[in-house]
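Written out below as structure tokens is the structure these notes cover.
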Amino acid sequence: MQKGKKNSPIYDHKKIESKWQKDWDKNKIYKTLDTQKAKSKKKKPCYVLDMFPYPSGVGLHVGHPRGYIGSDIYARMKRMQGYNVLHPMGYDAFGLPAEQYAIEHKIHPKKAVEINVKTFEKQLSIIGLSYDWSRKINTTDPAYYKWTQWIFLQLFNSYYDTKKNKACPIKDLIKTFEKQGNKNAFAFSNQKDIFDKNEWKNFTELKKQNILMNYRLAYEAESEVNWCVKLGTVLANDEIVDDKDGNQVSERGGYPVEKLKINQWSMRITAYAERLLLGLKDLDWVDSIKEIQKNWIGKEIDLNGKITFKMHDAIFARQRYWGEPIPLYRDANGIIHEVKKLPLELPSVKSYEPTGRAEGPLAGVASWVKSGYETNTMPGWAGSSWYFLRFTDPKNKKEIANKDNLDYFFGKSGGVDMYVGGAEHATGHLLYARFWHKFLQDIGRVKSGEPFKKMKNQGMIGGVDGRKMSKRWGNVVNPDEIVKVYGADTLRVYTMFLGPFDSHLPWNTENIMGSRRFIERVWRACNHVINEKKKTNTDVLYYLQDLIKKIESDILEFKFNTAVSSFMIFLGLLEEKNYEITNDDFLIFIKLLAPFAPYVADEIYQKFSPNTKQQTAKSIHLSDWPKSKKLKDRKMLQKIIVQVNGKLRGFVFVPEFSDEAYVVGQVLHDEKLRNYIEHGVRTRTIYIPNKIINFVIKIAN
RNA sequence: GCCGAAGUGGCGGAAUGGUAGACGCGGUGGAUUCAAAAUCCACUAUCAGCAAUGAUGUGAGAGUUCGAGUCUCUCCUUCGGCACCA
């Protein structure tokens with residue numbers, strides 16, 4: 001058929017993208033089925049998770065969505081393959097950046113988070129990410145942090161039994177002390193003094209409390225903080241820089257920083273060191289991250305066979321306002337009690353700025369202090385150490401998540417099926433989340449010991465100058481601008497086409513035209529479609545079958561760049577000789593493309609899908625993923641590489657699985673090739689069917 | 001210093017031990033156009049040659065192999081982690 005006969009209108013990304021965005025929202029096509037419904041439909045779960053972001057105030061640059069686009073492509077394919085995909089998004093909004101933003105802009109952190117979340121969602125919504133927004137969570141929501149506090153209390157009420165090799169109730173340990181003292185208690189501890197049962201009975205309450213602190217998995221102890229006298233505040237490591245003389249100074253102002261020992265809460269992660277190390281073996285993570293964790297845990301066995309670990313316990317407190325309150329209080333006698341009614345909500349304060357003492361701003365709230373509450377709050381990593389559980393049942397008021405939901409979504413693989421995020425969390429979030437997960441396994445809340453069985457890490461995208469994108473260098477590219485000018489489909493394709501998913505790559509807006517052209521070529525490829533009475537060109541047909549396999553395996557391995565290039569080759573094939581393709585075969589191509597360019601794919605799908613009289617076709621994203629089939633009549637000649645002494649000298653074409661003698665015959669038949677071989681004495685021939693033949697020639701003299 | 005990853009055209013990159021440079025960007029020439037944009041066609045690693053073609057070539061050097069970008073060893077460079085922080 002001649003080009004231009006079926007005149008497609010011009011590709012208008014704005015029109016197409018706003019149309020489908022509304023349509024998808026309205027029909028809630030990305031909604032995850034509830035457990036009961038999914039089970040009755042016998043739908044298998046697939047949990048595809050992004051590391052949830054910190055909604056900082058500056059907004060997204062073009063590198064941020066890279067991981068989200070990758071996981072989205074994966075989720076979309078799985079959805080089309082019939083899985084009940086859980087692909088949620090939420091916000092990790094406690095912690096320093098939100099607090100800093102609030103201080104700088106003189107607004108309440110809660111307000112700052114609201115504003116930032118809005119900006120963030122607006123930016124994300126135009127990229128075409130298939131989240132089920134009805135499961136959105138926010139770590140700063142009291143309904144959420146109620147359960148963060150609950151987990152804290154479970155840790156507080158547990159010790160690590162070294163014989164059972166798991167966490168056990170502290171009550172059991174107290175019973176042991178009452179029966180036999182601590183001499184043969186199999187408990188992980190830094191308690192040095194030995195006592196018998198009678199001594200234990202005679203200890204004061206306060207003494208008992210202090211001893212138990214040496215056993216609890218969440219415990220209070222003296223530890224060091226960075227104290228800045230001039231700023232009158234405790235600083236996080238991130239806020240400290242080296243000055244030109246190598247002294248540690250505050251990033252803000254450059255004032256001296258000293259170490260100060262204060263009493264604060266910690267987590268006995270060291271009790272889990274061995275299990276955290278062992279668990280790494282079964283994880284489908286990139287080796288470099290496993291190696292980093294391994295080094296961090298740092299197991300060493302000295303000559304006497306004593307096992308030590310480099311890893312320290314983790315401080316679980318910040319002298320800051322914007323975090324989860326620790327759900328404990330101290331009575332007049334100094335005895336610690338649990339807060340019975342959770343959540344213990346963060347009170348409103350007049351000033352959330354540092355107080356000038358080595359304690360949190362909560363110390364300035366009279367009623368809070370009077371009640372005996374902790375003035376420190378939990379660190380940033382608290383809420384992110386279990387959020388992936390909450391997504392399975394985000395509105396549950398009775399427990400962290402209902403067991404049926406947890407078991408269903410964490411069922412087969414025992415964890416999130418695909419976790420996508422930055423490699424920079426190797427020793428922070430990824431370690432803490434594994435620690436809490438193992439603890440929750442010990443107390444029977446989850447079945448598996450590992451939360452993230454499979455993980456992929458996106459590399460950073462730098463500026464054109466190769467530097468990190470930042471306002472400071474003036475090299476920030478805003479995704480909104482790119483979407484406006486080129487469209488979201490182009491942004492997605494280009495981001496994926498840049499290079500390997502996990503490499504650090506520079507952004508180059510000049511190059512984006514190639515991806516835009518690709519989408520336009522897809523649009524024009526509609527002109528090659530013929531009706532079903534005719535047949536698709538066989539070259540196209542064969543390539544299409546290979547393409548199905550190629551795209552599926554590339555998506556599974558996160559090799560999106562090569563997937564895009566094989567789409568381009570397919571178009572080249574159609575264009576070069578103006579080949580024809582049937583309606584059905586073209587739809588195969590469009591379906592394969594749908595996860596990458598969801599908007600244009602749905603638009604084209606509607607044109608070519610067989611609509612019934614009653615209704616138009618559903619979204620392409622709810623259609624079935626193509627399956628490759630064996631083409632019976634596919635008997636192609638094989639191109640055999642001909643080498644002489646390992647050097648390429650030409651090719652011969654032979655039927656599949658030809659034997660050596662036949663291939664040698666064909667080679668000798670070719671005058672040019674024969675000359676190379678007869679140049680010397682043939683001593684050996686290496687033949688690999690369908691691939692290569694190499695003649696080893698000894699040249700006389 | 002220790003541990004890990006990576007070095008391929010002008011650029012981003014591709015390549016189960018088997019045609020190095022797919023695909024894209026950029027560039028050169030041409031078609032179309034009053035002109036431009038867009039689109040289409042051809043060429044585009046280096047050297048020699050009018051050309052067919054030949055030689056060289058994946059950070060450097062050795063090795064294994066019929067055959068190495070890919071495997072092994074040594075070195076160089078870059079990036080990440082650790083060492084002073086958690």
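Residue numbers start from 1 in every chain, and the chains themselves are labelled A, B, ... in the order their sequence lines are given, proteins ahead of strands.
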Task: cation_pi(A:Lys639, A:Phe651) dist<6.0 Å, angle<=45 - done: yes
- [ ] Using distance alone, with no hydrogens and no angle criterion, decide if A:Trp265 and A:Glu374 have a side-chain donor and acceptor under 3.5 Å apart.
- [x] yes
- [ ] Output yes when at least one side-chain N/O atom of A:Tyr676 is less than 4.0 Å from OP1 or OP2 of B:G54, else no.
- [x] yes
Open item on the list: Let's see if you can work this out: which of B:A86, B:G24, B:G18 has an atom nearest to the side-chain heavy atoms of A:Tyr432?
Closed with: B:A86
Open item on the list: In terms of relative ring orientation, are A:His13 and A:Tyr11 parallel, tilted or perpendicular, with 30° and 60° separating the classes?
Closed with: tilted
Open item on the list: It should be established whether A:Arg521 places a side-chain nitrogen or oxygen under 4.0 Å from OP1 or OP2 of nucleotide B:C40.
Closed with: no
Task: Check: A:Arg682 and A:Ile677 side chains under 4.5 Å, non-hydrogen atoms - done: yes
Open item on the list: Return the CZ to CG distance between A:Arg275 and A:Leu278, rounded to the nearest 0.5 Å.
Closed with: 9.5 Å
Open item on the list: Can you confirm whether A:Leu498 sits close enough to A:Asn511 that some side-chain heavy atom of one is under 4.5 Å from a side-chain heavy atom of the other?
Closed with: no
Task: Short side-chain N/O contact to B:G4 OP1/OP2 from A:Asn295, under 4.0 Å - done: no
- [ ] Look at the side chain of A:Asn694 against the base of B:C66 and say whether a donor-acceptor pair falls under 3.5 Å; ignore hydrogens and angles.
- [x] yes
Task: Atom P, compared across B:G27 and B:A38: separation rounded to whole Å - done: 11 Å
- [ ] Give the rounded distance in Å between these two atoms: CD1 of A:Ile688 and C1' of B:U65.
- [x] 12 Å
TODO: Return the value, rounded to whole Å, for the distance between atom CZ of A:Phe567 and atom C1' of B:A14.
DONE: 17 Å
- [ ] With C1' as the reference atom in both, quote the distance from B:C71 to B:U64 in angstrom, rounded to an integer.
- [x] 8 Å
Task: Donor-acceptor side-chain pairing of A:Thr377 and A:Trp322 below 3.5 angstrom - done: no
Open item on the list: Measuring only the C1' atom in each nucleotide, how far is B:G26 from B:G12? A whole number of Å is fine.
Closed with: 11 Å
Open item on the list: If I take atom CG in residue A:Asn645 and atom P in nucleotide B:U65, what distance separates them, rounded to the nearest angstrom?
Closed with: 15 Å
- [ ] Could you tell me the separation between the NE2 atom of A:His504 and the P atom of B:G4, rounded to a whole number of Å?
- [x] 23 Å
TODO: Kindly label the base of B:G9 as syn or anti, based on whether its glycosidic torsion lies within 90° of 0.
DONE: syn
Task: Nearest to side-chain heavy atoms of A:Ile641, which nucleotide of B:G18, B:G12, B:A86 - done: B:G18
Task: Euclidean distance for C1', B:U58 against B:G49 (whole angstrom) - done: 26 Å
- [ ] Write down the distance separating the C1' atoms in B:U19 and B:A45, rounded off to the nearest Å.
- [x] 16 Å
TODO: Applying salt bridge (charged side-chain N to carboxylate O under 4.0 Å, His left out), name anything that partners A:Arg521, two or more places apart in sequence or on another chain.
DONE: A:Glu575
Open item on the list: Please report the distance separating the P of B:G67 from the corresponding atom of B:A20, rounded so that it comes out in whole Å.
Closed with: 15 Å
TODO: For B:G69 and B:G59, measure between their C1' atoms and round to the nearest Å.
DONE: 12 Å
Open item on the list: Using the rule side-chain hydrogen bond (donor to acceptor under 3.5 Å, both in side chains), only one of A:Gln319, A:Arg318, A:Glu220 pairs with A:Gln264; which is it?
Closed with: A:Gln319
- [ ] Counting heavy atoms from C-beta on, name the nucleotide in B:C40, B:A55, B:C82 closest to the side chain of A:Trp296.
- [x] B:C82
Task: Distance test, side-chain N/O of A:Arg517 to OP1/OP2 of B:G26, below 4.0 Å - done: yes
Task: Rounded interatomic separation in angstrom, taking CZ from A:Arg684 and P from B:U65 - done: 10 Å
Open item on the list: Counting only side-chain nitrogens and oxygens, does A:Arg649 get under 4.0 Å of the OP1 or OP2 atom of B:G18?
Closed with: no
Task: Watson-Crick and G-U pairing of RNA chain B, under 3.5 Å, as dot-bracket with | and [ ] - done: (((((((..(((.....[....)))((((((.......))))))((((....))))..(((((..]....))))))))))))....
- [ ] Examine the base of B:G81 for any acceptor or donor lying under 3.5 Å from a partner atom in the side chain of A:Glu291, and report the outcome as yes or no.
- [x] no
Open item on the list: Is A:Lys647 close enough to B:U56 that one of its side-chain N or O atoms is under 4.0 Å from OP1 or OP2 there?
Closed with: yes
- [ ] Just compare B:C23, B:A15, B:G13 and give me whichever is closest to any side-chain atom of A:Ser565.
- [x] B:C23
Open item on the list: Taking the P atom in each of B:C2 and B:U74, what is the distance between them to the nearest angstrom?
Closed with: 12 Å
